[in-house]
Amino acid sequence: GLQHHFAGRMAEAESIYQQILQTDQNQPVAWHFLGVIALQSGRSKHAVELFKKALVIKSDYAEAHNNLGLALQQLGKFDAAAASYEQSIAIKPDFEEALSNLGDAQEELGLLDEAVTSRQKALAINPNDAEVHYNLGNVLNALGRFEEAAESYQNALTLDPNLYGVHTNLGNVKEKLGVLDEAVASHKKALALNPNLYGAHTN
């Protein structure tokens with residue numbers, strides 16, 4: 001089932017997971033991966049039901065708590081999503097993805113200092129995640145911590161120099177810091193990667 005799933009053959013994977021559950025209704029992994037398929041296909045409400053079935057059987061299933069959080073977040077239920085991520089982290093403290101996701105939910109809830117802490121914890125586990133560096137930069141920027149934001153954006157670009165959105169956000173922060181030549185250079189780098197980036201032209 002997982003081989004089909006990871007190869008993108010969702011119908012085949014779903015069929016096998018269903019066959020497993022016809023034999024054993026108390027198979028949490030099958031319920032969980034049915035939930036993953038539902039989440040990936042945009043059926044967030046159904047995904048919530050499936051993840052909860054997995055968690056009734058196996059309450060310490062960290063990945064199911066994390067994915068339940070993702071489904072709840074897609075439904076705009078950010079408080080509940082944050083609670084699911086926190087449960088996942090309580091079970092598996094080094095779960096980088098759950099820490100990063102918790103930061104996303106906290107940012108949506110306006111808990112910016114908490115979002116910084118969650119993303120910093122995620123990066124302590126995996127410092128090579130460019131997206132988390134970028135997201136950390138965004139929340140530091142929102143907090144007015146511009147030098148730290150610039151450092152986070154630069155860390156993201158060191159890992160992936162083709163992230164044009166990061167270049168233009170770095171340009172915005174450089175402007176706030178009064179480093180205008182560097183701001184112009186960042187926006188030009190963004191435009192070299194994506195000439196149709198309207199925001200970089202206006203900036």
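Worth knowing before you read on, the calculation uses all heavy atoms, side chains too, and leaves out hydrogens, waters and symmetry mates. All values derive from a computational prediction rather than experimental measurement.
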To the nearest 0.5 Å, what is the distance between [atom1] ([X]) and [atom2] ([Y])?
X	Y	atom1	atom2	result
E14	F33	CD	CZ	14.0 Å
I20	I16	CD1	CD1	7.0 Å
Y61	H32	OH	NE2	4.5 Å
N101	Q106	CG	CD	11.0 Å
I125	F95	CD1	CZ	10.0 Å

For F78, ring pair (Phe, Tyr, Trp, His ring centres under 6.0 Å) partners two or more places apart
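Per chain and number, F78 pairs via ring pair (Phe, Tyr, Trp, His ring centres under 6.0 Å) with no residue.
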Pairs touching [range] that satisfy salt bridge (Lys or Arg N to Asp or Glu O under 4.0 Å), sequence neighbours left out:
range	value
residues 147-159	R145-E148
residues 16-30	none
residues 57-66	K58-D60, E63-K92
residues 105-119	D104-R119, E107-R119

Taking atom NZ as the centre, does K121 end up with more than 12 heavy-atom neighbours from other residues, nucleotides or ligands that are less than 6.0 angstrom away?
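Open: at most 12 neighbouring heavy atoms sit under 6.0 Å from NZ of K121.
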State whether the number of non-hydrogen atoms from other residues, nucleotides or ligands found under 6.0 Å of E12 atom CD is greater than 12.
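Correct, the count exceeds 12.
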Side chain to side chain contact (heavy atoms under 4.5 Å, CB included) with D79: which residues, sequence neighbours excluded?
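Scan of D79 (side chain to side chain contact (heavy atoms under 4.5 Å, CB included), adjacent residues dropped) gives L109.
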For A83, give me all partners under side chain to side chain contact (heavy atoms under 4.5 Å, CB included), at least two apart in sequence or on another chain.
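So A83 forms no side chain to side chain contact (heavy atoms under 4.5 Å, CB included) with any residue.
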Residues 187-200, side-chain donor-acceptor partners within the protein, below 3.5 Å, at least two apart:
unit_1 : atom_1 : unit_2 : atom_2 : d
H187   : ND1    : T168   : OG1    : 3.0
N194   : OD1    : N196   : N      : 3.1

Any pair with a residue in residues 155-167 that passes side chain to side chain donor-acceptor pair (under 3.5 Å), sequence neighbours left out, goes on the list, sorted by first then second residue, please.
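Qualifying pairs, neighbours excluded: none.
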Output the rest of the hydrophobic cluster of V166: all Ile, Leu, Val, Met, Phe, Trp and Tyr residues reachable through side-chain heavy-atom contacts under 4.5 Å, sorted by chain and number.
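Besides V166, the cluster holds Y134, F146, Y153, L157, L163, L170, V173, L177, V179.
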Hydrophobic cluster (4.5 angstrom, side-chain heavy atoms) - remaining members for L140:
L112, V116, L123, V132, L136, V139, L143
With a 4.5 Å cut-off on side-chain heavy atoms, are [Y] and [X] touching?
X	Y	answer
N126	E97	no
D129	S100	no
Y17	I37	yes

Under 3.5 Å: donor-acceptor pair, side chain of H133, backbone of N128
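No, the answer is negative, given that no donor and acceptor are paired below the 3.5 Å cut-off.
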For residues 44-53, dump all side-chain donor-acceptor pairs below 3.5 Å to protein atoms at least two apart in sequence or in another chain.
unit_1 : atom_1 : unit_2 : atom_2 : d
S44    : OG     : Q74    : OE1    : 2.6

